[in-house]
Novice: 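Input: one structure, supplied below.
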Amino acid sequence: METLLELERNPRPWRKGLYVDPSSYAQIGGWTFDKEGQKIQLNFDTCYPMVKGTTSEKSPVRIGRAREDTCPHCGGRMVDMLVLDGRDERLKFLGLDGILTATCCPNCVGFLKGPAFNSFTLDGGVEVFPSELFDGAEKTDCYVSPEDYKALTENPFVLGEAPVPLFYGAACQDVNTVGGFANWVQDAEYTTCPHCGKPMKYLAQIRWDTVFDCAEGTLYVEFCPDCHIVSMQHQQT
């Protein structure tokens with residue numbers, strides 16, 4: 001960390017030839033630092049898998065809960081992509097004394113200019129932040145069919161009973177996980193909290209093709225524990 005901090009504060013001449021600052025590579029290890037040189041942890045040291053159970057099975061984590069409101073861009077239905085109750089004993093490592101809900105449009109989250117954001121309250125409340133399409137357009141088509149919405153919101157995934165190795169999610173390309181490390185399709189990408197400006201912590205990954213057919217890429221969920229804000233971003237090849 002001392003070396004990366006020195007290179008950040010006093011960049012060498014070869015810095016201009018790099019794609020990113022050397023300090024960006026610290027994020028691959030799940031950490032970064034602020035301007036004062038204080039280390040900031042970006043990942044949790046525990047990882048749980050999502051495994052196939054049944055839709056009627058009780059679970060403190062659910063992927064894809066149906067909503068009635070619609071997306072302002074495509075008119076498709078919004079979805080609570082992740083609903084997580086941190087009071088479950090398995091999820092104590094998250095430090096959440098209540099419910100976190102991550103809500104977005106599954107059709108448009110990959111077409112946005114930046115991540116999708118929402119705030120959450122520990123009693124299950126959600127406020128979705130305004131978003132902008134990457135090309136500046138106001139409207140786009142909805143490519144998620146009614147059958148896809150049904151598959152997404154009725155998927156059988158539940159939280160696994162036991163933790164898995166820390167890099168389980170990073171080593172596999174077809175798993176959904178909570179905590180640990182992500183399998184970034186492209187670069188590691190930690191969102192900046194729009195309220196406090198601090199890096200958000202990686203929370204979960206959802207592989208689209210595990211929850212409905214003919215979908216590509218992964219949804220990455222991060223959150224700011226202080227501001228109770230969630231970000232969701234999509235990557236694919």
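Computed from heavy atoms alone, side chains included, the values below leave out hydrogens, waters and symmetry copies.
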Novice: What's the verdict on salt bridge (charged side-chain N to carboxylate O under 4.0 Å, His left out) for Arg12 and Glu6, showing C-alpha distance, side-chain angles and the deciding distance?
Specialist: CA-CA 10 Å; Arg12 304 303 193 260; Glu6 165 63 20; 3.5 Å; yes
Novice: Keeping Gln205 on the side-chain end and Thr218 on the backbone end, is there a donor-acceptor pair under 3.5 Å?
Specialist: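 No, because the side chain of Gln205 does not come within donor-acceptor range (under 3.5 Å) of the backbone of Thr218.
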Novice: Output the distance between atom CZ (Phe120) and atom SG (Cys227), rounded to the nearest 0.5 Å.
Specialist: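 If we round to the nearest 0.5 Å, Phe120:CZ and Cys227:SG are 10.0 Å apart.
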Novice: Starting at OG1 of Thr237, measure out to CD of Glu216 and round the result to the nearest 0.5 Å.
Specialist: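 Spacing of OG1 (Thr237) from CD (Glu216) equals 5.5 Å.
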Novice: If hydrophobic clusters are built by linking Ile, Leu, Val, Met, Phe, Trp and Tyr wherever their side-chain heavy atoms come under 4.5 Å apart, do Phe181 and Leu84 end up in the same one?
Specialist: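 Not linked; separate clusters.
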Novice: Taking it one step at a time, do Leu96 and Leu91 satisfy side chain to side chain contact (heavy atoms under 4.5 Å, CB included)?
Specialist: CA-CA 8 Å; Leu96 278 169; Leu91 299 174; over 6 Å; no
Novice: For Trp31 together with Tyr190, are the ring centres under 6.0 Å from each other?
Specialist: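 No.
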Novice: Mark yes or no for whether Gln186, through its side chain, and Gln235, through its backbone, hold a donor-acceptor pair below 3.5 Å.
Specialist: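 Absent.
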Novice: Can you measure from CD1 (Ile28) to CG (Asn43) and round to the nearest 0.5 angstrom?
Specialist: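 Going from the CD1 atom of Ile28 to the CG atom of Asn43 covers 10.0 Å.
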Novice: Do Ile206 and Phe157 have side-chain heavy atoms sitting under 4.5 Å apart?
Specialist: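 No; the side chains remain at least 4.5 Å from each other.
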Novice: Considering all heavy atoms of both residues, which atom of Gly179 and which atom of Cys47 are nearest to each other, and what is their separation?
Specialist: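 Shortest heavy-atom contact: O-SG, 3.9 Å.
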Novice: What I want to check is whether the side chains of Asn118 and Thr103 have a donor and an acceptor closer together than 3.5 Å.
Specialist: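 Not at all, the side chains of Asn118 and Thr103 share no donor-acceptor pair under 3.5 Å.
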Novice: Can you tell me how far the CD atom of Gln236 sits from the CZ atom of Arg207, to the nearest 0.5 Å?
Specialist: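 Atom-to-atom, Gln236:CD and Arg207:CZ are 10.0 Å apart.
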Novice: When you measure from the side chain of Arg15 to the backbone N and O of Glu8, does any donor-acceptor pair fall under 3.5 Å?
Specialist: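 No, the answer is negative, given that no donor and acceptor are paired below the 3.5 Å cut-off.
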Novice: Please evaluate residues Glu161 and Arg90 with respect to the criterion salt bridge (charged side-chain N to carboxylate O under 4.0 Å, His left out), reporting the C-alpha separation (whole Å), side-chain torsions for both, the decisive distance (0.1 Å), and the verdict.
Specialist: CA-CA 8 Å; Glu161 289 299 322; Arg90 288 165 288 180; 3.3 Å; yes
Novice: More than 12 foreign heavy atoms under 6.0 Å from CG of Asp213: is that the case here?
Specialist: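 Count not over threshold, so no.
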Novice: Answer yes or no: is there a side-chain heavy-atom contact under 4.5 Å between Phe134 and Thr140?
Specialist: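 In short, these two side chains do not touch, never coming nearer than 4.5 Å.
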Novice: Is any side-chain heavy atom of Thr46 closer than 4.5 Å to one of Lys92?
Specialist: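 A side-chain contact is absent here, since even the closest heavy-atom pair is not under 4.5 Å.
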Novice: What class does the angle between the rings of Phe111 and Tyr143 fall in, given that below 30° is parallel, 30 to 60° is tilted and above 60° is perpendicular?
Specialist: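 Because their plane-to-plane angle is over 60°, the rings of Phe111 and Tyr143 count as perpendicular.
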Novice: Do the non-hydrogen side-chain atoms of Gln233 and Glu222 ever get within less than 4.5 Å of each other?
Specialist: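 With C-beta onward as the side chain, the pair touches.
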Novice: For Ala102 and Val230, work out which heavy atoms get closest and say how close.
Specialist: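 Closest heavy-atom pair between Ala102 and Val230: CB-CG1, 3.5 Å.
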Novice: Are there over 12 heavy-atom neighbours, none belonging to Asp135, within less than 6.0 Å of that residue's CG?
Specialist: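 Buried by this count: over 12 neighbours within 6.0 Å.
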Novice: Any heavy-atom pair between the side chains of Arg62 and Leu159 that's under 4.5 Å?
Specialist: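 The answer is no, as the side chains (C-beta and beyond) never meet within the 4.5 Å cut-off.
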Novice: In Å, rounded to the nearest 0.5 Å, how long is the span from CD1 of Ile229 to CG of Leu100?
Specialist: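 Spacing of CD1 (Ile229) from CG (Leu100) equals 11.5 Å.
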Novice: Are Tyr48 and Leu82 linked, directly or through other ILVMFWY residues, by side chains that come within less than 4.5 angstrom of each other?
Specialist: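 Yes; Leu82 is reachable from Tyr48 via cluster members.
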Novice: I'd like to know if the side chain of Asp21 reaches the main chain of Ser23, judged simply by a donor and an acceptor atom lying under 3.5 Å from each other, with no hydrogens or angles considered.
Specialist: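 Side chain of Asp21 to backbone of Ser23, a donor-acceptor pair under 3.5 Å: no, none is there.
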Novice: For Tyr220 and Asn183, indicate whether the former's side chain and the latter's backbone hold a donor-acceptor pair under 3.5 Å.
Specialist: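 Yes; at least one donor-acceptor contact below 3.5 Å.
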Novice: Step by step, would you call Gln27 with Trp184 a side chain to side chain contact (heavy atoms under 4.5 Å, CB included)?
Specialist: CA-CA 11 Å; Gln27 297 180 9; Trp184 298 101; over 6 Å; no
Novice: Assigning hydrophobic clusters by single linkage (Ile, Leu, Val, Met, Phe, Trp, Tyr; side-chain heavy-atom cutoff under 4.5 Å), is Ile63 placed with Leu94?
Specialist: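 In one cluster with Ile63: Leu94, yes.
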Novice: Considering non-hydrogen atoms only, spot the tightest contact between Asp209 and Ala215 and give its length.
Specialist: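 What the structure gives for the nearest pair is CB-O, 3.4 Å.
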Novice: Under 3.5 Å, is there a donor-acceptor pair linking the side chains of Ser145 and Glu147?
Specialist: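 A donor-acceptor contact under 3.5 Å links the two side chains.
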Novice: Within the structure provided, determine whether Ser131 and Phe129 are in side-chain contact (heavy-atom separation under 4.5 Å).
Specialist: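 The answer is no; the side chains never approach within 4.5 Å.
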Novice: Within this structure, what is the SG-CG distance for the pair Cys104 and Leu112, rounded to the nearest 0.5 Å?
Specialist: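 Nearest 0.5 Å value for the SG-CG distance: 8.0 Å.
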Novice: Start with the C-alpha gap between Ser119 and His228, add the side-chain angles, then the distance that decides, and say whether side chain to side chain contact (heavy atoms under 4.5 Å, CB included) holds.
Specialist: CA-CA 6 Å; Ser119 61; His228 286 187; 5.8 Å; no
Novice: Considering only heavy atoms from C-beta outward, does the side chain of Trp208 approach that of Leu219 to under 4.5 Å?
Specialist: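 SC-SC contact between Trp208 and Leu219 confirmed.
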Novice: For the pair Arg67 (side chain) and Arg77 (backbone), establish whether a donor and an acceptor sit closer than 3.5 Å, ignoring hydrogens and angles.
Specialist: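 Judged by distance alone, no pair lies under 3.5 Å.
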Novice: Testing Cys71, Pro106, Cys74 for side chain to side chain contact (heavy atoms under 4.5 Å, CB included) with Cys142, which one passes?
Specialist: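 Per the side chain to side chain contact (heavy atoms under 4.5 Å, CB included) rule, the option paired with Cys142 is Cys74, out of Cys71, Pro106, Cys74.
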Novice: What pair of heavy atoms forms the shortest contact from Arg9 to Gly37, and how long is it?
Specialist: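 Here Arg9 and Gly37 meet closest at NH2-N, 3.8 Å.
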Novice: Step by step, work out the side chain to side chain donor-acceptor pair (under 3.5 Å) result for Asn107 and Tyr149.
Specialist: CA-CA 10 Å; Asn107 178 74; Tyr149 277 106; over 6 Å; no
Novice: Please find the pair of heavy atoms, one from Thr70 and one from Met78, that lie closest to each other, and give the distance.
Specialist: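 So the minimum-distance heavy-atom pair works out to C-CG, 3.8 Å.
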Novice: Tell me, do His73 and Glu138 make a side-chain contact under 4.5 Å, heavy atoms counted?
Specialist: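 In short, these two side chains do not touch, never coming nearer than 4.5 Å.
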Novice: Using the ring of each side chain (for Trp, its six-membered ring), is Phe93 parallel, tilted or perpendicular to Phe44, with breaks at 30° and 60°?
Specialist: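 Ring orientation, 0 to 90° scale: perpendicular.
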Novice: Could you see if Val221 belongs to whatever hydrophobic cluster contains Val178? Use Ile, Leu, Val, Met, Phe, Trp, Tyr and a side-chain cutoff under 4.5 Å.
Specialist: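 Yes: a chain of side-chain contacts under 4.5 Å links Val221 to Val178.
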Novice: Is the backbone of Pro72 close enough, under 3.5 Å, to the side chain of Lys139 for a donor and an acceptor to pair up by distance?
Specialist: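 Looks like yes, one N/O pair under 3.5 Å.
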Novice: Decide yes or no on side chain to side chain donor-acceptor pair (under 3.5 Å) for Asp123 and Thr121, but give the supporting numbers first.
Specialist: CA-CA 5 Å; Asp123 61 359; Thr121 55; 2.5 Å; yes
Novice: Considering all heavy atoms of both residues, which atom of Val109 and which atom of Met232 are nearest to each other, and what is their separation?
Specialist: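 In terms of heavy atoms, the two residues are closest at CG2-O, 3.8 Å.
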Novice: Please test Asp148 against Leu152 for side chain to side chain contact (heavy atoms under 4.5 Å, CB included), starting from the C-alpha separation and ending with a verdict.
Specialist: CA-CA 6 Å; Asp148 291 333; Leu152 172 59; over 6 Å; no
Novice: Following the transitive rule for hydrophobic clusters with a side-chain heavy-atom cut-off under 4.5 Å over Ile, Leu, Val, Met, Phe, Trp and Tyr, establish whether Val126 and Val83 coincide in one cluster.
Specialist: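 Looking at the clustering, Val83 is in a separate group from Val126.
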